[in-house]
Amino acid sequence: MDINSLYSQWLENATADEDLINELKNIEGNEEEIFDRFYRCLEFGTAGLRGVIGAGTNRMNYYTVCQATQGLADFLNKHFDNPSIAIGYDSRIKSDYFSIEAAKVLAANGVKVYLYRELEPTPCLSFAIRYFKTSSGIILTASHNPAKYNGYKCYNQNGYQMTDEEAGETYEFIKKVDYFTGIKSMDFDKAVEMGLIEYMGDEVIDAFLDEVVKQCINPDAVKNAGLKVIYTPLNGTGNKPVRKILDRIGVKDVYIVPEQELPDGNFPTCPFPNPEIEQAFEIALKMAEDIKPDLLLATDPDCDRVGIAVQDGNGGYKLMSGNEVGAMMLNYLLSQKKEKGTLSENSIAVKSFVSTDLAEAIANKYNCRFKNLLTGFKYIGELITQLEAQGRADDFVMGFEESYGYLAGTHARDKDAVVASMLICEMAAYYKAQGKSLAQVMDEIYDEFGYYCNIVNSYTFEGASGMKKMAGIMESLRDNAPLEFAGMKVTVADDYKTSVSTDIVTGETKVIELPKSNVLAYTLTNGNKIIVRPSGTEPKIKAYITAVGSTREDSREIAQRLMAEADSLMK
């Protein structure tokens, strides 16, 4: 069906949501706007769906959400005799509405639904899947994207996001569902009355927090440190659970950014609700001028990522990167577990392969086994599940990604900003008792292990032309493999799509024993690296730079030269 025919079909039939009707009428005759909404269908992958909220096959709306849910129901009914599912949602526009409509579709297909009564963090959804032993899980969220986005993340029975195989099969079911005639649904109240939809009680969140608090290593240090914290949930889901967990461990002096305290999917004071960027801390930093806290915390809207700002020693505050927090948290956990005699002989830590190699150096010091996995926390969740099946759950120390995602403990199978916020505050309190800020602790780690400068840059390519441009850049890099960057020779080239690692010096190749992924990685002289990958959830290509130097200035200078090279590749 051509684009104009699709538009006409939607104009006639998309009556479930008045917002869609109005939008479709308003773009009548505007070929560019119609094309952008209908030139493709949102694809369902391991990260589920993600897109701009609005009318059309390339938008997040009632029909695309319900089509995906019908396909998921068909998948579950094929593989489970009595399928069930947990559903959560965040503060984004229409997240609560989409969660209700998804529940109605699943109930109509005989799938038992456990639904959170109010918005909750993504890790709470992962926890609920295992708590109720459901067949699957859904959370309506677009993580840290701007307000115009929403998304639909889908999980398997282990509590981590669907594998490639599961997502692929589900997508085949989805594609068979007609938007207007193929979706089953039923009355919500009737489904509740029949027991097909059940609201989760407060005991589920309490059980989640009980598991989180078990990861606290030095509770006495926290209670006696007098730690002062400014926290912003960025108008998302973290407000209640993060404040509850900090109160449980004894962090009582917590100041909340009032403009960003309550749920609001418009994110009025922070258009980019992403703790990776300084703008997310703008109001908190202003508050800090009077409050003078030890630490500033910011969690993203679905509370699976957390960023921090710490005292810089000059009366101001500096943002710490996800790589720095991950390395510092690992160093803290390993050192404290070893000191207390609780570090397993077969301990294991893990990170995404684009995250800092400093973490591996730290793990080696404590004889902790280390693994690098593909980007995507589902791979870390999969590893935890394997350890649990082997009776080795206690061997897992932590996992992290440079994009501010961390997990300690095995209560969830996704990154968890609740446990990460708790451990960050615990670290800050522990070192405060020694007269150190977290910035000083990080400097000590660099002094011991060397200066690692990690930079990530994102290059945005919007619309249909952008998707084509992204594909062209990756194809060009494969066809014309670089032999050097910024004067540094490539020693090893890894293509994760073909699963081939090539030693440029000897010409030898070996198989990369990880799932295939559209990623190119180049190892340079002296341990420097550049990795290029398209985002799985956004119209972006990301370049990850690792620069290792003898001094901080040296590593930064190398990183800037490498990033300039990356910039030139994206034009």
Side-chain angles (χ1 to χ4, degrees), residues 276 308 310 312-313 318-339 343 347-373 375 397-404 406 424 427 431 434 436-457 484-494 503-505 521-531 543-566:
E276 296 178 66
I308 67 172
V310 301
D312 63 8
K318 61 176 288 188
L319 270 63
M320 298 196 76
S321 71
N323 279 313
E324 289 178 321
V325 174
M328 184 165 48
M329 191 182 296
L330 178 61
N331 184 68
Y332 174 75
L333 291 172
L334 290 173
S335 64
Q336 293 306 296
K337 286 175 180 287
K338 183 173 182 179
E339 183 178 305
L343 184 62
S347 60
I348 182 168
V350 61
K351 68 176 180 66
S352 62
F353 71 114
V354 298
S355 302
T356 182
D357 292 334
L358 174 58
E360 190 164 359
I362 291 169
N364 290 338
K365 175 183 176 179
Y366 294 97
N367 297 316
C368 174
R369 186 178 169 214
F370 201 88
K371 290 203 74 170
N372 286 285
L373 300 175
T375 298
V397 178
M398 72 167 286
F400 80 96
E401 293 183 333
E402 49 74 37
S403 54
Y404 291 59
Y406 320 95
I424 288 166
M427 277 196 306
Y431 291 120
Q434 300 175 22
K436 300 176 186 176
S437 71
L438 290 183
Q440 289 172 312
V441 173
M442 196 67 234
D443 285 341
E444 290 177 357
I445 291 172
Y446 283 138
D447 287 341
E448 180 176 358
F449 295 99
Y451 289 85
Y452 289 71
C453 182
N454 297 90
I455 302 177
V456 183
N457 209 2
E484 66 173 47
F485 290 92
M488 288 172 277
K489 293 187 181 301
V490 175
T491 58
V492 178
D494 296 324
D503 186 314
I504 302 301
V505 178
Y522 307 95
T523 301
L524 315 176
T525 51
N526 300 323
N528 300 301
K529 288 183 178 179
I530 181 167
I531 300 173
Y544 302 82
I545 303 298
T546 296
V548 185
S550 55
T551 66
R552 184 188 306 274
E553 293 71 23
D554 185 32
S555 64
R556 285 178 176 173
E557 190 273 332
I558 295 170
Q560 291 300 328
R561 285 197 284 129
L562 289 174
M563 188 53 73
E565 288 275 314

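Positions are given from 1, in the same order as the sequence printed here. Quantities reported herein were computed from a predicted structural model and do not represent experimental measurements.
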### Message
Minimum heavy-atom separation for L343 and K338, please, with both atom names.
### Response
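Taking every non-hydrogen atom into account, CB-N, 3.9 Å.
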
### Nearest non-hydrogen partners of L330 and A359, listed with the distance
CD2-O, 3.5 Å

Does the side chain of [X] reach to within under 4.5 Å of the side chain of [Y], using non-hydrogen atoms?
| X | Y | answer |
| --- | --- | --- |
| I308 | L319 | no |
| Y451 | V548 | no |
| I545 | I531 | no |
| K351 | E402 | no |
| T525 | T491 | yes |
| I530 | Y544 | no |
| V325 | F400 | no |
| D357 | K529 | yes |

### Task
Can you label the angle between the Y332 ring and the Y431 ring as parallel, tilted or perpendicular, going by 30° and 60°?
perpendicular

Which distance, rounded to the nearest 0.5 Å, do you find between the [atom1] of [X] and the [atom2] of [Y]?
| X | Y | atom1 | atom2 | result |
| --- | --- | --- | --- | --- |
| S335 | I362 | OG | CD1 | 9.5 Å |
| F370 | S347 | CZ | OG | 11.5 Å |
| E324 | C453 | CD | SG | 8.5 Å |
| I445 | Q440 | CD1 | CD | 12.5 Å |
| S550 | N526 | OG | CG | 10.0 Å |

### Task
Any chance you could lay out the side chain to side chain donor-acceptor pair (under 3.5 Å) test for E484 and Y522, step after step, and finish with the verdict?
CA-CA 9 Å; E484 66 173 47; Y522 307 95; over 6 Å; no

### Query
Is the backbone of L333 close enough, under 3.5 Å, to the side chain of Q336 for a donor and an acceptor to pair up by distance?
no

### Message
For the backbone of E401 and the side chain of S355, can you confirm whether one donor and one acceptor N or O come within less than 3.5 Å of each other?
### Response
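Here the side-chain-to-backbone pair does not exist.
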
### Query
Which residue pairs pass the salt bridge (Lys or Arg N to Asp or Glu O under 4.0 Å) test with at least one member in residues 359-370, sequence neighbours excluded?
K365-E448

### Query
Among all residues two or more places apart in sequence or in another chain, which pass the salt bridge (Lys or Arg N to Asp or Glu O under 4.0 Å) test with D494?
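None.
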
### Task
Please list, chain by chain and in numerical order, all residues satisfying salt bridge (Lys or Arg N to Asp or Glu O under 4.0 Å) with K318, sequence neighbours excluded.
none

### Task
Quickly, which of M320, M329, M328 forms a side chain to side chain contact (heavy atoms under 4.5 Å, CB included) with I424? Name it, please.
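Passing option: M329.
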
### Task
Let me see the working for T523 and V490 under side-chain contact (heavy atoms from CB on, under 4.5 Å), right down to the final yes or no.
CA-CA 6 Å; T523 301; V490 175; over 6 Å; no

### Task
Would you check, one step at a time, whether the test side-chain contact (heavy atoms from CB on, under 4.5 Å) holds for I558 with M488?
CA-CA 10 Å; I558 295 170; M488 288 172 277; 3.8 Å; yes

#### Entry: Check ion pair R561-E557 (N to O, under 4.0 angstrom)
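The answer is yes: the pair qualifies as a salt bridge.
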
### Query
With respect to T356, which candidate in N323, T546, N454 satisfies the side-chain hydrogen bond (donor to acceptor under 3.5 Å, both in side chains) definition?
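Considering N323, T546, N454, a side-chain hydrogen bond (donor to acceptor under 3.5 Å, both in side chains) with T356 is found only for N454.
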
